[in-house]
Amino acid sequence: MLIKNTCLVNESFQVERGKYILIENDRISYIGDKHPEGYFGETYNGENKVVLPGFFNNHCHVPMTLLRGYGEGLPLHRWLAEKMFPFEAKLTGEDIYWGSLLGIAEMIKSGVVSFTDMYFEIEMMAQAVSESGIKVNLSHGLSYNSKKPSIFELQGYKDTERLLDIASRDKTGRLKIDIGLHAEYTSRESLVREVAHYARERNLIVHTHLSETQGEHDNCKLKYGKTPAEYFAECGLFDQPTTAAHCVWVEDSDIEIIKSKGVVPVHCPSSNMKLGSGFAPIKQMIEAGIPVTIGTDGASSNNNLNMVEEIYLAAMINKGSTQDPEFMYPAQLLKLATINGARAQDREDCGSIKVGNKADLVIFDMDKPHLQPVFDELANILYSGQSDDICMTMIDGQIVYKDGEFKTIDIEKVMHKAVGIKERILSELV
Ligand SMILES: [Zn+2]
């Protein structure tokens, strides 16, 4: 497919106008000012459109879309114990499949081309990913179980091994498997060390939650005399590349550990505000040279998977909380949601619009009242754009969403299934 006469964000994250982009198979094969010679295939008129690199949502629990709005207003521990855990215990593999498709549809509609996820029944999630065309770094979040103290006894370990085998046969490269460790407060030192050892043996990216709440951070210091980051580093967990969600309560010494160990923090502004967790020191981490990424977290703590909104909030709350209007300028902000996310997922040929890269594109229609007039296309999109301005999402050269239509997901069926699952589980919980 050829996109003609369009505005694009180039690999240096600068806006260029009047460009042609040629997509052949799953990659970008040409970018230039002229119509490529000898091309007579499908052409898309890019006038009044802006082509951005697709977004990376680096922290999610996608099947939790099924729990959206359940147990609102409760404090965290009551919300988990009285609402989340009993509902989740009723979820079947098939439920997880439909919940994944629902969340993936929502992400695709807001320009997400790849996400990093931690949940369970990951084989069913992988099936939803495969059918939808999106990319994922998938992990089963391991927690300590006193009846099964060794990692090798845990279902999550068995699932990870099975999925690593499936991913090794996936020729598209869209499915990658990470190792998930849920958090410091749901594990024991023996399990953390086993996960660290396993990650090294299998050369896996680690996905975990880090210093999300003050209580969790302070309790860890009481228990071990160390912050969660110090504790994880000493257990060897950060010897492998690590994706660490939240990092709200990290201290100065933790930021040094994160930097020196190459840990990638995921900023989840909606979730942190909704659950009253606080504000992560994003500016301090970025100024230390840490490649921060952005995540929506699950839909039960956000309450949506709208990446356009998440990017907007990341800009606004960090400008506001640091009293620095120059921070999170458009190109800097977009890098967090694209190239930084791709690097965190170990996807070297993704995250920017350049010849040879995977064709992961999101196209914004600028013909909207809130996007006119245009002084700076990128500033308009990131500070004023809505996910409904997206007229196309392309992943690996495949159009998965165009002009309000999902090309790979039967959205009516998925929504109908989601309602049925909710009603069934509520009736079982009575
Ligand atoms: Zn999370």
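Not measured: the values here are computed from a predicted model. Counting convention: from 1, in listed order, for ligands and their atoms alike.
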Near the Zn ion (ligand 1), meaning under 2.8 Å, the protein N/O/S atoms are H59 NE2, H61 NE2, H209 NE2, D297 OD1

Please check: side-chain N/O of D159 versus main-chain N/O of G156, any donor-acceptor pairing under 3.5 Å?
no

Q240 (side chain) donor-acceptor with I205 (main chain) under 3.5 angstrom:
no

Of the options R347, K171, K135, which is the one that meets D396 in a salt bridge (Lys or Arg N to Asp or Glu O under 4.0 Å)?
K135

Side-chain heavy atoms of L175 within contact of V136, under 4.5 Å:
yes

Check the pair S271, H246 against side-chain contact (heavy atoms from CB on, under 4.5 Å), reporting the backbone distance first and the verdict last.
CA-CA 9 Å; S271 174; H246 305 300; 4.0 Å; yes

Any salt bridge linking E184 with K226? Criterion: basic side-chain nitrogen under 4.0 Å from a carboxylate oxygen.
no

